Amino acid sequence: MPVPIYNTITVIGLGLIGSSVIRAAQSQGLAKQITAYDRDQAVRDCAKRIGLGDRVTDTLEEAVADADLVLMAVPVGAMASVAEAIAPALKQGAVIADTGSTKTSVIRDVAPHLPDHCQFLPSHPIAGTEYSGPEAGFATLFKDRYWIIIPDGVDDEAVSAFCQFLEGMGAIVEAMSAEYHDRVLAITSHLPHLIAYTIVGTAFDFEQQIRNDVIRFSASGFRDFTRIAASDPVMWRDVFINNADAVLEMLGRFNEDLTYLQRAIRWKEADKLEDLFSRTRDIRAKIKDIGQLD
Ligand code: NAP
């Protein structure tokens, strides 16, 4: 069993990610005390009932007052208001981290609010499911999954402790710049979600008869898109609003490639289609090789 990395940690936002961090930290003994907070009374009641953390507080100020590590696991559009609210109550030397899916926007929104006696360590776990809420979390969500950190300007000791904490949950830590993160995630995560939301939305715009058939015959590919398109609407609304530049850049490239395929289909250029489909199959094999396929 690993030794506790922190005396006290506080997790703000008890959805899929926040509750999974608490469960993982509890099961691995990574903190002596874990405090949980969510703005929603029903979520706080649920957290108490299912034993998330050692205590659940009713105010943000109380939640962060003793914390050595504060982890903000709220939608990226809510990060600024949380940072502003906790700032006056933060302990000297506390490390503030987040799990947001966009990084330049979170740094822009959070950093100005935090006092000089604290350090901000932005991060993003590359793990998730289509479920949300405190009961969706589980202790092994981050096992063997990448967890990106943006350690610019944070002292080595604080970075090292946070990395040990993440590794204690089974994550593989990778450092990069916020800009690079946002471009990579735009193509690997944000664009696929946009495409899934679009396909499912388009299908459901059909008239009633087709709609029933969409559901009846969904196993033929559509079902995989519906899983992604079932992801939390508020979280994803915030992601697209806050990573607009990178998403629009990748969407532009995607549209060009789609036009190329459209033309290949029209002119029956079978070799072009087969060539692309073979290359994409290789990519899946590579993801499997590095252990990132469930
Ligand atoms: P979630 O399941 O929807 O949970 C978010 C929780 O935060 C909800 O309980 C929400 O309460 C609460 N909340 C919202 N605003 C708040 C505020 N101002 N103060 C306190 N609590 C607040 O979301 P999630 O999937 O855990 O995602 C959390 C963060 O991690 C997001 O930034 C997301 O981008 C990121 N992330 C998500 C995934 C994923 O696959 N889901 C993966 C990696 C990173 P209400 O219900 O009342 O709004």
Side-chain angles (χ1 to χ4, degrees), residues 10-24 35-48 50 52-53 56-64 70-87 89 96-110 113 122-138 141-143 145-150 166 169 171-172 174 178 181-182 184-186 188-190 192-193 196-197 227-243 247 292 294:
T10 294
V11 177
I12 300 170
L14 305 177
L16 170 72
I17 299 297
S19 66
S20 294
V21 168
I22 294 175
R23 286 187 188 286
T35 300
Y37 173 82
D38 195 283
R39 67 171 178 181
D40 188 335
Q41 178 70 54
V43 171
R44 294 201 296 271
D45 291 344
C46 175
K48 283 181 196 161
I50 63 177
L52 275 186
V56 180
T57 66
D58 287 327
T59 67
L60 266 178
E61 294 74 14
E62 196 190 345
V64 302
V70 175
L71 190 67
M72 301 185 292
V74 299
V76 292
M79 295 285 180
S81 63
V82 170
E84 188 176 14
I86 61 173
I96 320 307
D98 77 293
T99 65
S101 303
T102 65
K103 295 276 55 93
T104 45
S105 78
V106 170
I107 293 168
R108 177 198 68 206
D109 293 350
V110 168
H113 295 295
S123 81
H124 178 204
I126 311 301
T129 72
E130 66 277 29
Y131 300 110
S132 45
E135 290 176 290
F138 53 99
L141 177 63
F142 310 112
K143 190 165 172 0
R145 294 286 174 254
Y146 283 99
W147 192 310
I148 294 169
I149 61 167
I150 320 288
L166 301 181
M169 295 192 287
I172 307 162
E174 184 96 10
H181 166 279
D182 286 357
V184 170
L185 269 291
T188 58
S189 171
H190 307 169
H193 276 81
Y197 282 125
R227 184 185 61 73
I228 299 174
S231 301
D232 190 75
V234 172
M235 177 197 144
W236 282 99
R237 175 202 69 190
D238 284 5
V239 168
F240 291 117
I241 299 296
N242 286 285
N243 197 23
V247 171
Q292 294 300 304
D294 288 323

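Scope of the values below: all heavy atoms of this structure, side chains included, with no hydrogens, waters or symmetry mates. Order of appearance sets the numbers: ligands from 1, and atoms from 1 within every ligand. Computed from a predicted model, the values in this text were never measured in an experiment.
Set against the non-hydrogen atoms of G15, the atoms of ligand 1 under 4.0 Å away are 1 (P), 2 (O), 4 (O), 6 (C), 26 (O). Taking a cut-off of under 4.0 Å to the non-hydrogen atoms of V76, the atoms of ligand 1 that pass are 32 (O). Proximity to H124 (heavy-atom distance under 4.0 Å) selects the following atoms of ligand 1: 43 (C), 44 (C). Set against the non-hydrogen atoms of G100, the atoms of ligand 1 under 4.0 Å away are 32 (O). Which parts of ligand 1 touch G133 is read off a 4.0 Å heavy-atom cut-off, strictly below it: atoms 2 (O). Those atoms of ligand 1 with a heavy atom of A78 less than 4.0 angstrom away are 15 (N), 18 (N). Within the listing of ligand 1, atoms 40 (O), 42 (C), 43 (C) sit less than 4.0 angstrom from a heavy atom of A127. Atom numbering of ligand 1 starts at 1 in the shown order; those under 4.0 Å from a heavy atom of D232 are 3 (O).
Between the choices A73, G77, G13, S101, the shortest heavy-atom distance to atom 28 (C) of ligand 1 belongs to A73. Nearest residue to atom 8 (C) of ligand 1 from D38, L16, D98 is D38 (criterion: closest heavy atom). Evaluated by nearest non-hydrogen atom to atom 43 (C) of ligand 1, the leading choice among P125, G128, A136 is P125.
From L166, atom CG reaches atom CD of E174 across 12.5 Å, with rounding to the nearest 0.5 Å. A distance of 7.0 Å separates NE2 of H190 from OG1 of T102, quoted to the nearest 0.5 Å.
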Next item on the list: For the pair V106 and N242, evaluate side chain to side chain contact (heavy atoms under 4.5 Å, CB included) and give the outcome as yes or no after the intermediate values.
Entry: CA-CA 8 Å; V106 170; N242 286 285; over 6 Å; no

Item checked: From CA spacing to verdict: side chain to side chain contact (heavy atoms under 4.5 Å, CB included), L141, I17 -> CA-CA 8 Å; L141 177 63; I17 299 297; 4.0 Å; yes

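Scanning both residues, A229 and A196, for their nearest heavy atoms gives CB-O, 3.8 Å.
Contact analysis leaves S20 out of contact with ligand 1, as no non-hydrogen atom separation drops below 4.0 angstrom.
When heavy-atom distances to ligand 1 are checked against a 4.0 Å cut-off, I17 comes that close through both its backbone and its side chain. When heavy-atom distances to ligand 1 are checked against a 4.0 Å cut-off, V82 comes that close only through its side chain, counted from C-beta outward. Of the heavy atoms in R39, both backbone and side-chain atoms come closer than 4.0 Å to ligand 1.
Between G18 and ligand 1, no pair of N/O atoms sits closer than 3.5 Å. Taking any N or O of V74, backbone or side chain, at least one lies under 3.5 Å from an N or O belonging to ligand 1.
Atom 46 (O) of ligand 1 has its closest protein heavy atom at D40 OD2, 4.3 Å. In this structure, atom 30 (O) of ligand 1 lies nearest to the protein heavy atom T99 OG1, 3.0 Å.
For residues 98-109, the salt bridge (charged side-chain N to carboxylate O under 4.0 Å, His left out) pairs, not counting sequence neighbours, are D98-K103.
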